[in-house]
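Since we're looking at a predicted model, the values are computed, not measured.
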Amino acid sequence: MWWGRWVRSPWSDVALTACVAVAQLWPLLSRDGPWHWWGYVVAAGSALPLLVRRRAALPALLAGSALSASYDLVDVVAPQPLWYGPLIALYTVAARSPRRVRWAALAVVLFGGLVTVGSSDTAFRGAVVSVTAYALGRAAAGSRAHTAVLEERAARLERERVLEAERAAERERARIAREMHDILAHAVSLMVVQAEAGPVVVRADPARAAATFDAIAAAGRDAMDQLRGMLVVLREDRGPDAARVSVDDLPALVRQASGAGVEVGYEVVGDPRPLPPASGVAVYRIVQEALTNVVKHAGASRADVRLSWREQELAIEVRDDGRGAGAGLPSGGNGLTGIRERAAACGGTASAGPGPSGFTVRARLPL
């Protein structure tokens with residue numbers, strides 16, 4: 001605001017100096033004289049050091065105090081005015097100077113007042129006024145320091161908010177990338193396997209060929225439905241919990257994978273319990289990616305999906321009898337990485353590797 005800018009400008013010190021000079025001259029101007037010219041010099045001169053009080057607070061205090069102490073060197077002067085200039089300089093020293101400097105300045109002012117003032121009442125009043133000016137300066141310094149702390153804290157919180165927003169955006173991009181990979185990799189793998197088998201089936205078993213093409217179309221429609229649902233979620237900003245897939249969709253996923261020429265078994269052990277939406281999506285995507293890898297394995301004729309509901313965790317196991325990678329779709333390893341990321345996001349673990357009779361993917365999610 002304009003007021004704050006004006007207070008911090010040099011012109012505010014000029015206006016303050018003029019006001020203090022008038023206030024200190026007022027006893028000389030408002031009462032009948034004539035007064036000695038020295039009184040006018042001291043009353044006006046003790047205010048002039050305020051012009052440099054921000055840059056040289058201690059010299060301004062010492063100069064103003066020395067001049068005000070010389071007021072009574074002549075006899076014909078008005079009753080002594082209140083020395084606003086030295087008091088404001090003392091306030092500035094207390095607000096801006098280091099501890100040793102301000103304590104020394106207060107001691108010099110108090111001692112000088114006791115020595116130069118003849119009346120004990122006047123000395124006591126001067127001491128009280130000086131201590132009050134010093135206390136006000138310290139209060140202003142404390143308020144300024146508190147404001148600086150609050151501003152720094154607000155700036156830090158703003159930086160943290162921006163960083164958290166960036167991290168949230170990065171997590172969201174990673175989530176979308178995993179969803180896209182799982183949906184497309186699974187659907188395309190099934191479609192490619194079915195399409196490659198299509199020409200052979202058409203010649204050998206026309207009836208089965210129709211079922212093959214139906215499976216290709218079903219895989220494509222399912223992928224389109226899932227992508228459309230994910231786009232709706234993104235457009236409406238409903239978050240990952242709004243995804244449509246869950247543990248209840250696993251039987252349909254198993255049937256879809258079975259249509260790709262691999263026999264898939266599905267077994268549930270224990271009593272199923274409700275899962276948070278994010279965990280349900282993770283279970284579905286882990287099994288989906290594992291079955292996608294089964295389709296890519298050459299020689300895999302059977303796979304088994306097993307969900308074991310235990311007291312404190314859900315164990316997922318997808319085992320196949322494949323004999324290694326063949327001529328299927330190439331894999332860059334993103335699928336297995338996505339499985340580990342999904343399990344870790346739910347507080348669980350995942351592992352994958354070859355076994356005695358095939359390849360096994362295992363995951364454990366806490367309940």
So which heavy atom on Arg364 is nearest to which on Ala315, and how close? NH1-CB, 4.2 Å
Closer than 3.5 angstrom, by distance alone: can the side chain of Ser143 be matched with the main-chain N or O of Ala139 as a donor-acceptor pair? no
Start with the C-alpha gap between Tyr284 and Val247, add the side-chain angles, then the distance that decides, and say whether side-chain contact (heavy atoms from CB on, under 4.5 Å) holds. CA-CA 6 Å; Tyr284 183 92; Val247 177; over 6 Å; no
I'd like to know if the side chain of Ser279 and the backbone of Leu275 have a donor-acceptor N/O pair within less than 3.5 Å. no
Could you grab the distance from atom CG of Asp271 to atom CD of Glu311, nearest 0.5 Å is fine? 12.0 Å
Quick check for you: to the nearest 0.5 Å, what is the distance between Tyr91 atom OH and Arg138 atom CZ? 11.0 Å
Can you hop from Leu61 to Val20 via hydrophobic side chains spaced under 4.5 Å? no
CZ/Arg273: more than 12 non-hydrogen atoms of other groups inside 6.0 Å: yes
For residues Arg310 and Leu367, report the shortest heavy-atom separation together with the two atoms involved. O-CD1, 3.5 Å
Applying the 4.5 Å side-chain criterion to the ILVMFWY set and letting contacts propagate, would Val269 and Tyr266 be lumped into a single cluster? no
Between Ser351 and Arg362, do the side chains contain an N or O donor and an N or O acceptor separated by less than 3.5 Å? no
Has the side chain of Gln24 got a donor or acceptor atom that lies under 3.5 Å from a matching backbone atom of Gly85? yes
Is Val14 linked to Val22 within one hydrophobic cluster, defined over Ile, Leu, Val, Met, Phe, Trp and Tyr using a side-chain heavy-atom separation of less than 4.5 Å? no
Applying a strict under-4.5 Å side-chain criterion to I, L, V, M, F, W and Y, I'd like to know whether Leu28 and Trp37 cluster together. yes
Go through the steps to decide whether Thr92 and Leu50 satisfy the test side-chain contact (heavy atoms from CB on, under 4.5 Å), and finish with yes or no. CA-CA 9 Å; Thr92 307; Leu50 295 179; 5.8 Å; no
Given the rule in the side-chain contact (heavy atoms from CB on, under 4.5 Å) test, do Glu313 and Leu365 qualify, once you have shown the distances and angles that lead to the verdict? CA-CA 5 Å; Glu313 68 176 11; Leu365 303 183; over 6 Å; no
Does the side chain of Arg319 come within less than 4.5 Å of Arg306's, by heavy atoms? no
Using side-chain heavy atoms (C-beta onward) and a distance below 4.5 Å, is Pro366 in contact with Gln312? no
Do Val305 and Trp309 share a hydrophobic cluster, counting only Ile, Leu, Val, Met, Phe, Trp and Tyr and linking them when any side-chain heavy atoms are less than 4.5 Å apart? yes
For Ser68 against Val42, the heavy-atom pair lying closest together: CA-CG1, 3.9 Å
Between Glu289 and Arg285, does at least one N-O distance fall below 4.0 Å, as a salt bridge requires? no
Distance (rounded to the nearest 0.5 Å) between Glu166 CD and Glu170 CD: 9.0 Å
Would you say that Val318 contacts Thr360 through its side chain, given a criterion of any heavy-atom pair below 4.5 Å between the two side chains? no
Report yes if some heavy atom in the side chain of Pro86 is under 4.5 Å from a heavy atom in the side chain of Val109; otherwise report no. no
Salt bridge or not between Arg302 and Asp304? Use side-chain N to carboxylate O under 4.0 Å. yes
Could you tell me whether a side-chain N or O of Arg144 sits under 3.5 Å from a main-chain N or O of Ala95, the two making a donor and an acceptor? yes
Nearest heavy atoms of Ser97 and Ala57, plus distance in Å: OG-CB, 4.4 Å
Go through the steps to decide whether Arg53 and Leu16 satisfy the test side-chain contact (heavy atoms from CB on, under 4.5 Å), and finish with yes or no. CA-CA 11 Å; Arg53 68 185 184 94; Leu16 177 64; 3.7 Å; yes
Arg156 atom CZ: more than 12 heavy-atom contacts under 6.0 Å: yes
With heavy-atom distances below 4.5 Å as the criterion, would you say the side chains of Val129 and Trp83 are in contact? no
Sort and list the pairs that fulfil ring-ring contact (aromatic ring centres under 6.0 Å, His included) and have at least one residue in residues 140-174, not counting sequence neighbours. none
Closer than 4.0 angstrom, basic N to acidic O: yes or no for Glu164 and Arg161? no
With side chains defined as the heavy atoms from C-beta onward, is the minimum distance between Leu307 and Leu250 less than 4.5 Å? yes
Distance in Å, Arg55 CZ paired with Arg96 CZ, rounded so as to fall on 0.5 Å steps: 11.0 Å
Value for OH (Tyr134) from CG (Leu90), rounded to nearest 0.5 Å, stands at 8.5 Å
How close do Leu87 and Ala133 get, heavy atom to heavy atom, and via which atoms? O-CB, 3.7 Å
First locate atom CG of Leu62, then atom CG of Leu67, and finally report the distance between them rounded to the nearest 0.5 Å. 11.5 Å
Side chains of Ser308 and Glu317: donor-acceptor distance under 3.5 Å anywhere? no
Can you name the nearest heavy-atom pair linking Ala141 to Ala94, along with the distance? CB-O, 4.5 Å
Mark yes when over 12 heavy atoms from residues, nucleotides or ligands other than Arg167 sit less than 6.0 Å from its CZ; otherwise mark no. yes
